[in-house]
Amino acid sequence: MARAPDDDEGTWRVAADTGGGIDALGQFRLFTVFGPIGRSVNFTQANLMMCVAGAMILALIYYGMRPRALVPGRLQSAAEMAYDFVMSMCVDSVGPEGRRFFPFVFTLFLFLLIGNLLGVFPYFFTFTSHIATTFALALFVVIMVTVVALRAHGLHFFTYFFPAGVPVALAPLLIPIEILSYLSRIISLSVRLFANMMAGHVMLEVFGAFVVMLGAAGLLGIVPAAFAFGVNVILIGFELLVAVLQAYVFAILTCIYLHDAVHLH
């Protein structure tokens, strides 16, 4: 099955793939939700999943920390573990100043983590598999880091692009390279997350389609179908690992960039 555009409704509908191929990228197509109201503001399933991720973060913090028990339950333990993990990340990477940035990094990490994990479950959507989302987050991180550096160091921040001790004659060559390297953080942050999440879901789609196609082939396809199903189970476990790892990489790189902004090196 693949999704095709519905000209009458302006949304995406499910249509039979008469060609018999695998539409592995069809799962990333956006369609509006909530009927006419959603279409009027172009509210897609990606926006819905972002709202779900935000609600899950608030629920984790509120209901997890509400008991304040000396012997924490599972939800309180999860909230405390997430808090301690991100706080350690901020302090270890940025220094004591990292406590100031903890709320931002904590929110960013949980938002990406939940967003990455949602797409593993049926009927959910991984909004981090869209470059527009990851690019917007990366752009916001780099802008915030630049503002932090300018507030902390003023115009001295621009010496970051021309370190002390470098011959002035190299300035026309070194400064553009350093600026390009600084701005490339946006690309590296966004593409790394987007590419990993998209690739994992494409693999799941392909092997899942193999299971159906081989299973429909009769007795001869049972063994290959079982093999493809086993591979898909392994891929799901791998995708869960990648979801956690990519959220951590995005957050730790944000902390490293904040360290450079605070300490200017």
Side-chain angles (χ1 to χ4, degrees), residues 50 53-54 57-58 60-61 79-116 127-197 242-265:
M50 292 180 196
I57 294 172
L58 293 175
L60 172 64
I61 302 304
E80 290 178 353
M81 287 175 61
Y83 182 98
D84 292 338
F85 176 74
V86 178
M87 178 62 77
S88 298
M89 185 194 309
C90 291
V91 174
D92 293 343
S93 301
V94 185
E97 302 90 346
R99 295 180 179 274
R100 291 189 297 152
F101 308 110
F102 166 77
F104 171 73
V105 178
F106 182 73
T107 304
L108 179 66
F109 173 75
L110 287 184
F111 183 71
L112 292 175
L113 177 61
I114 295 175
N116 292 346
F127 55 82
T128 50
S129 64
H130 274 244
I131 187 65
T133 302
T134 59
F135 183 86
L137 290 171
L139 180 62
F140 183 82
V141 167
V142 172
I143 290 175
M144 190 197 75
V145 167
T146 304
V147 171
V148 169
L150 286 172
R151 289 191 61 182
H153 306 284
L155 295 178
H156 184 64
F157 160 71
F158 293 101
T159 61
Y160 181 85
F161 304 107
F162 190 70
V166 177
V168 179
L170 293 178
L173 177 63
L174 184 60
I175 292 177
I177 293 175
E178 289 293 333
I179 293 176
L180 184 62
S181 176
Y182 186 83
L183 295 177
S184 67
R185 294 174 173 181
I186 303 172
I187 305 300
S188 64
L189 275 178
S190 59
V191 171
R192 181 186 296 107
L193 177 57
F194 145 76
N196 277 279
M197 299 314 301
V242 170
V244 177
L245 182 61
Q246 288 304 313
Y248 169 75
V249 169
F250 202 104
I252 193 65
L253 286 176
T254 299
C255 291
I256 292 173
Y257 298 156
L258 287 169
H259 173 273
D260 293 343
V262 171
H263 301 283
L264 207 61
H265 61 77

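Just so you know, these numbers use all the heavy atoms, side chains as well, and skip hydrogens, waters and symmetry mates.
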> Phe102 and Val91: side-chain contact (heavy atoms from CB on, under 4.5 Å), yes or no, with the steps?
Replying inline: CA-CA 9 Å; Phe102 166 77; Val91 174; over 6 Å; no
>> Could you measure the distance from the CD1 atom of Ile187 to the CZ atom of Phe135? Nearest 0.5 Å is fine.
In response: 5.5 Å
What donor-acceptor contacts under 3.5 angstrom involve side-chain atoms of residues 174-181, with partners at least two apart or in another chain?
none

>> Assess the residue pair Phe158 and Phe162 against the criterion (ring pair (Phe, Tyr, Trp, His ring centres under 6.0 Å)); give the C-alpha distance rounded to whole Å, side-chain angles, the decisive distance to 0.1 Å, and a yes or no.
In response: CA-CA 7 Å; Phe158 293 101; Phe162 190 70; over 10 Å; no
> Do other residues, nucleotides or ligands put more than 12 heavy atoms under 6.0 Å from the CG atom of Leu183?
Replying inline: yes
> How far apart are the closest heavy atoms of Phe157 and Ala149, and which atoms are they?
Replying inline: CD1-CB, 3.3 Å
> Leu112 versus Gln246: any side-chain heavy-atom pair under 4.5 Å?
Replying inline: no
> So Phe85 and Tyr248, would you call those rings parallel, tilted or perpendicular, with 30° and 60° as cut-offs?
Replying inline: tilted
>> Donor-acceptor pair, distance only, cut-off 3.5 Å: does the side chain of Ser93 make one with the backbone of Cys90?
In response: no
> Could you go step by step and tell me if Phe101 and Tyr257 meet the ring pair (Phe, Tyr, Trp, His ring centres under 6.0 Å) rule?
Replying inline: CA-CA 12 Å; Phe101 308 110; Tyr257 298 156; over 10 Å; no
>> Run Val242 and Leu245 through side-chain contact (heavy atoms from CB on, under 4.5 Å) and show every step you take.
In response: CA-CA 5 Å; Val242 170; Leu245 182 61; 5.5 Å; no
> Which value, rounded to the nearest 0.5 Å, describes the distance between Leu137 atom CG and Ile186 atom CD1?
Replying inline: 12.0 Å
>> Would Ile61 and Tyr83 count as a side-chain contact (heavy atoms from CB on, under 4.5 Å) here? Give the steps.
In response: CA-CA 9 Å; Ile61 302 304; Tyr83 182 98; over 6 Å; no
>> Please report the interatomic distance CZ(Phe140) to CG(Leu189), rounded to the nearest 0.5 Å.
In response: 13.5 Å
>> Within the 4.5 Å heavy-atom criterion, are Arg185 and Asp260 side-chain neighbours or not?
In response: yes
> Heavy-atom distance under 4.5 Å between the side chains of Leu253 and Ile256, does that happen here?
Replying inline: yes
> Sub-3.5 Å donor-acceptor pair from the side chain of Arg192 to the main-chain atoms of Ser188, do we have one?
Replying inline: yes
Name each donor-acceptor pair under 3.5 Å that joins a side chain in residues 164-172 to protein atoms two or more places apart or in another chain, with its distance.
none

> Quick one: CZ on Phe250 to OG1 on Thr128, what's the gap to the nearest 0.5 Å?
Replying inline: 10.0 Å
> What distance do Thr146 atom OG1 and Tyr160 atom OH have between them, rounded to the nearest 0.5 Å?
Replying inline: 10.0 Å
>> Looking at His263 and Val94, would you say the former's side chain and the latter's main chain have a donor-acceptor pair under 3.5 Å?
In response: yes
>> As a quick check of understanding, evaluate side-chain contact (heavy atoms from CB on, under 4.5 Å) for Asn196 and Val249, giving each step before the final call.
In response: CA-CA 12 Å; Asn196 277 279; Val249 169; over 6 Å; no
>> Determine whether a donor-acceptor pair (N or O, by modelled atom type, separation under 3.5 Å) exists between the side chain of His153 and the backbone of Ala261.
In response: yes
> What pair of heavy atoms forms the shortest contact from Ala247 to Asn116, and how long is it?
Replying inline: N-ND2, 3.8 Å
> Between atom CZ of Phe106 and atom CE of Met87, what is the distance when rounded to the nearest 0.5 Å?
Replying inline: 9.5 Å
> With no hydrogens and no angle check, is any side-chain donor or acceptor of Thr134 less than 3.5 Å from a backbone partner on Ser190?
Replying inline: yes
